[in-house]
Amino acid sequence: MPGIVIVGVQWGDEGKGKATDLLGERTEWVVKFNGGNNAGHTVVIGDEKYALHLLPSGILSPGVTPVIGNGVVVDLAVLFEELEALEARGVDTSKLKLSSSAHIITHAHRTLDKVQERFLGKRQIGTTGRGIGPTYADKISRVGIRVQDLFDESILRQKVEGALEQKNHLLVKVFNRRDITVDEIVDDLLSYAERVRPMVCDTGLLLDEALKRGDVVVFEGGQATMLDIDHGTYPFVTSSTATAAGAASGSGVGPNRLDRIVGIVKAYTTRVGAGPFPTELFDENGEWLAKQGHEFGTTTGRARRVGWYDAPITRYATRINGITDLVLTKLDVLTGLEEIPVCVAYDVNGERFDEVPVNQSDFHHATPILENFPGWSEDITGARTFDELPQNARDYVLALEEISGTRISVIGVGPGRDQVIVRHDLID
Ligand code: GDP
Ligand code: IMO
Ligand code: MG
C-alpha cells in the first residue's frame, strides 16, 4: 500500500501535520503537492513544538526524504528561514528535494496579494498575504517564474521582465504603489540559486522510482477540501488543488499510484478568513470551543472561527477525494460538554438539503439542522484504545462514522505524537 494521500476535509487546520508525522516512522517519502507558506502545521514531539509552513511535516522524521512537488509555490526566503530554524534545533534537513518545475513567489506577488485584498473591501477573502493567489495566477497565465529558471540568468531576466510588465502598470496606475524593478527581483532570486541547486531534481521521476520499489510515499495536502480552487466555497478559497487529485498533478505521479486517501477531520469545525460556514457559533459555546481547542492560526495568528461538526461536508469531501479512511482529531477538546450538536443536513430558505448545495448563494443561506449527542466529562487524553473511551465518546465517534459514511480509523485525543487511538492501520 505505498501511495497514501493526506487531505483536509474541512477548511484547514484539522491536524494534517500531526497525521503525516504519525506515519513518519514507517514512511520513506513525504511530498507536499500544493499551496505554499499559507499552510501552518503544528507538530508536537515530546516537549518540543514545531511550526512548519512551507516544508513537508515529514522533515521531522529522520528516515524520511521530504519533497516539495511541482504543484507548490515557493517563497525562497521562507524556505531558507525554515530550514535554518530547524537545523538550529538539530533537525537534519539535508535530504530535502525540490521540484525544478515548482513556481516561485516573488516580492511582486506578495505586494499584489496585499493590495488586491485591500481593494476588495467588503468582498475580502482574508488571504494569508503570502502571495499565493498572484503566484498561481501567473502560473495559469503562463508568465510564472519556475525553480529551473534560477540557473539561467538571461532566461530568468527575460521572464521577470515579462512578468513585471503588466504588474507594474497595475501597481502604479491602479494601486498607487511604486513600481518594482527587474533588477531587484532578479538579484533577490539569484542570491538563492547556488543554495537551491543541490536540492533541485525531477521529483516526479524520483517518486515514480520510489513507488516502483515499494517505498511508502505520503502525499501531504495543504489547506483542505472546502478551500480547494474547484470544489471549495469559491471565491473564498485558496488558489490550488487541495483535494486528492492534486496529489497526482502536483507531484508528477500517475493517479493510479494513489492507493489510500486519508481525510483529516476535526471533531468540530474551524475556518480562518472569510466565507460561508453554516455551523459557525457566535455564542459562549463558540468562545469555549476556541479556548479549549487553542484555535489560533499557526501562520497568521488570527483567531479561527469555530462551529459544530458538519456531516454533509465530510460526506462531500469523501466523494470528491475518494476518502478511504478518516482521522478524527481533537476529540479531547469536546470533553466537558453536556450535549454535542452535530449538523446532519441544511435548511436553505425552508428547503432541506442533505448534501452540500452546489450553488454558492444556497450555501451562504444554509442553516444547520442539528442532532444532539450526549457528551462526557472524563479526561480522555490518556486513552490509547477505543475501549478506554467513555461510552458517550465511543457513541459520538460511531455516530459520526455512520452519518459521515466513512470509517474513522484513527482518533486524536491530544496534540502529542502518541496521543492517538488507532482502530485501523493506515499503512497495510
Ligand atoms: P494542519 O494545518 O491541518 O496541519 O493543522 P494545524 O497544525 O494548523 O492545527 C491543528 C492543531 O491541533 C495543532 O496545534 C495540533 O498540535 C493540534 N492537534 C492535532 N491533533 C490534536 C488532537 O487530537 N487533540 C488536540 N487537543 N490537539 C490536536
Ligand atoms: P493549512 O494547510 C486554514 C485560507 C486563508 C483564506 C484563504 C485564501 O494550515 O490547513 P491564501 O493565502 O491561501 O490565498 O488564502 O484560505 N487558508 C487557510 N486556512 N488553513 C490553511 O492551511 C490555509 N491556507 C489558506 O485564511 O481564507
Ligand atoms: Mg494549519
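Model, not experiment: these values are computed from the prediction. One-based numbering, in listed order, for ligands and for the atoms of each. Keep in mind that the numbers below use all heavy atoms, side chains included, and drop hydrogens, waters and symmetry copies.
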Enquirer: State the count of protein N/O/S atoms located less than 2.8 Å away from the Mg ion (ligand 3).
Expert: 2

Enquirer: Is it possible for you to check whether R271 lies under 6.0 Å from the centre of the six-membered ring of F277, through NZ or CZ, and within 45° of that ring's axis?
Expert: no

Enquirer: Find out whether L52 and L86 are in side-chain contact, i.e. whether some heavy atom of one side chain is under 4.5 Å from a heavy atom of the other.
Expert: yes

Enquirer: Do the side chains of D138 and K167 get close enough for a salt bridge, i.e. N-O under 4.0 angstrom?
Expert: yes

Enquirer: For the pair R315 and E355, find out whether any cationic side-chain nitrogen is under 4.0 Å from an anionic carboxylate oxygen.
Expert: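 Yes, this pair counts.
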
Enquirer: Using a 4.0 Å heavy-atom cut-off, say whether V237 meets ligand 2 through its side chain, its backbone, both or neither.
Expert: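 Backbone only.
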
Enquirer: Out of all atoms in ligand 1, which are within 4.0 Å of some heavy atom of R304? Include the element for each.
Expert: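 Going through ligand 1 atom by atom, the ones under 4.0 Å from R304 are 8 (O), 9 (O).
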
Enquirer: Among all protein heavy atoms, pick out the one at the shortest distance from atom 24 (N) of ligand 1; state its residue, atom name and that distance to 0.1 Å.
Expert: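 Scanning the protein heavy atoms, the shortest distance from atom 24 (N) of ligand 1 goes to D332 OD1, 2.8 Å.
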
Enquirer: Give yes or no for whether the N/O distance cutoff of 3.5 Å, strictly under, is met between D13 and ligand 2.
Expert: yes

Enquirer: Tell me whether G8 reaches ligand 1 (any heavy atom closer than 4.0 angstrom to a ligand atom).
Expert: no

Enquirer: Under 3.5 Å between any N/O of N38 and any N/O of ligand 2: does that happen in this structure?
Expert: yes

Enquirer: Answer with yes or no after comparing the ring centroid distance for F363 and F353 against a 6.0 Å cut-off, counting only values under it.
Expert: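 Centroid separation for F363 and F353: 6.0 Å or greater.
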
